[in-house]
Amino acid sequence: MAKTNGKGTARANSIHMVENMAEKIASQMGLELVEVLLQKESRGKVLSVFIDKDGGISLDDCEQYHRTLQPLLEAVDYDIMEVSSPGVDRPIKTRRDFEKNRDNLVEVRLFAAQDGSKLYRGLLKDFDDEKVVIQPEGGEDKTFLRKAVAIVKPVIQFEDEDLPAEGELTEDDFSEMELE
């Protein structure tokens with residue numbers, strides 16, 4: 001990986017270049033590019049690329065995408081590159097995210113309390129650049145200005161049959177696992 005001069009504009013140009021290349025590769029592979037982040041962490045500069053596809057992403061998808069994209073990023077200043085799925089609970093940021101989550105239960109967190117609360121739950125009814133609309137259980141639609149919303153995330157609910165029955169898992173099941 002090559003190093004840039006470290007200036008802010010170089011970083012912005014690098015991200016823009018990575019997004020363009022990442023989008024092109026994702027499209028060729030039948031994937032959706034969700035997000036590209038370049039962040040300083042204790043382990044160095046981490047380039048994180050999030051991809052998705054209908055039905056979800058496998059480890060093989062991530063590996064193949066990484067092997068295709070990584071050689072094209074020699075001009076980008078990073079130490080570690082990660083490719084992964086954004087996860088089922090990824091924040092709702094785009095119109096496409098909204099379409100995937102329409103009428104699903106979401107959590108809306110606000111920067112400042114509104115009507116005495118900073119946290120609301122309800123079915124996602126509308127989402128655009130100006131507003132987020134949810135329908136709380138048993139209530140009327142509640143509209144929030146986007147600039148007042150810190151995050152909108154799907155609520156993941158597990159049914160009893162999704163969880164192991166009592167006594168199915170024990171500490172012994174984890175004793176032979178190696179932790180890195």
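Not measured: the values here are computed from a predicted model.
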Quick check on the hydrophobic clustering: are [X] and [Y] connected, directly or via other members, by side-chain heavy-atom contacts under 4.5 Å?
{"X": "V132", "Y": "F98", "value": "yes"}
{"X": "M81", "Y": "V76", "value": "yes"}
{"X": "I57", "Y": "L47", "value": "yes"}
{"X": "L38", "Y": "L73", "value": "yes"}
{"X": "F127", "Y": "V34", "value": "no"}

Pairwise distance CE(M29) to NZ(K24) - rounded to 0.5 angstrom:
14.0 Å
How long is the gap from CD1 on I25 to CG on L69, to the nearest 0.5 Å?
6.5 Å
For [X] and [Y], work out which heavy atoms get closest and say how close.
{"X": "A26", "Y": "L33", "result": "CB-N, 4.0 Å"}
{"X": "E35", "Y": "L37", "result": "OE2-CD2, 3.6 Å"}
{"X": "P71", "Y": "E74", "result": "O-CG, 3.7 Å"}
{"X": "S85", "Y": "C62", "result": "N-SG, 4.3 Å"}
{"X": "K118", "Y": "A112", "result": "CG-C, 3.8 Å"}
{"X": "P136", "Y": "I134", "result": "CD-O, 3.5 Å"}

Give a yes or no on whether a salt bridge exists between [X] and [Y], defined as a side-chain N under 4.0 angstrom from a carboxylate O.
{"X": "K93", "Y": "D129", "result": "no"}
{"X": "R43", "Y": "D79", "result": "no"}
{"X": "R96", "Y": "E32", "result": "yes"}

Heavy atoms, side chains only, cut-off 4.5 Å: are [X] and [Y] in contact?
{"X": "L110", "Y": "V108", "result": "yes"}
{"X": "I156", "Y": "V88", "result": "yes"}
{"X": "E63", "Y": "D60", "result": "yes"}
{"X": "R90", "Y": "D52", "result": "yes"}
{"X": "S14", "Y": "D77", "result": "no"}
{"X": "V49", "Y": "E82", "result": "no"}
{"X": "L105", "Y": "E137", "result": "no"}

When you look at L124 and R102, which way does the side chain to side chain contact (heavy atoms under 4.5 Å, CB included) test go after all the steps?
CA-CA 5 Å; L124 185 60; R102 182 193 307 262; 5.9 Å; no
For atom CG of D54, decide whether the heavy atoms of other residues, nucleotides or ligands shown that lie under 6.0 angstrom number more than 12.
no
State whether the number of non-hydrogen atoms from other residues, nucleotides or ligands found under 6.0 Å of E130 atom CD is greater than 12.
no
T68 side-chain N/O to Q64 backbone N/O, donor-acceptor pair under 3.5 Å
yes
I'd like to know if the side chain of Y65 reaches the main chain of F50, judged simply by a donor and an acceptor atom lying under 3.5 Å from each other, with no hydrogens or angles considered.
no
Please tabulate, for the side chains in residues 139-154, all donor-acceptor contacts under 3.5 angstrom to protein atoms that are two or more places apart in sequence or on a different chain.
| residue | atom | partner | partner atom | Å |
| --- | --- | --- | --- | --- |
| K142 | NZ | D115 | OD2 | 2.6 |
| R146 | NH1 | D128 | O | 2.8 |

Qualifying residues under side chain to side chain contact (heavy atoms under 4.5 Å, CB included), relative to L59, sequence neighbours excluded:
none
Chi angles and distances behind the side chain to side chain contact (heavy atoms under 4.5 Å, CB included) call for D103, K125:
CA-CA 6 Å; D103 293 323; K125 293 298 179 180; 2.6 Å; yes
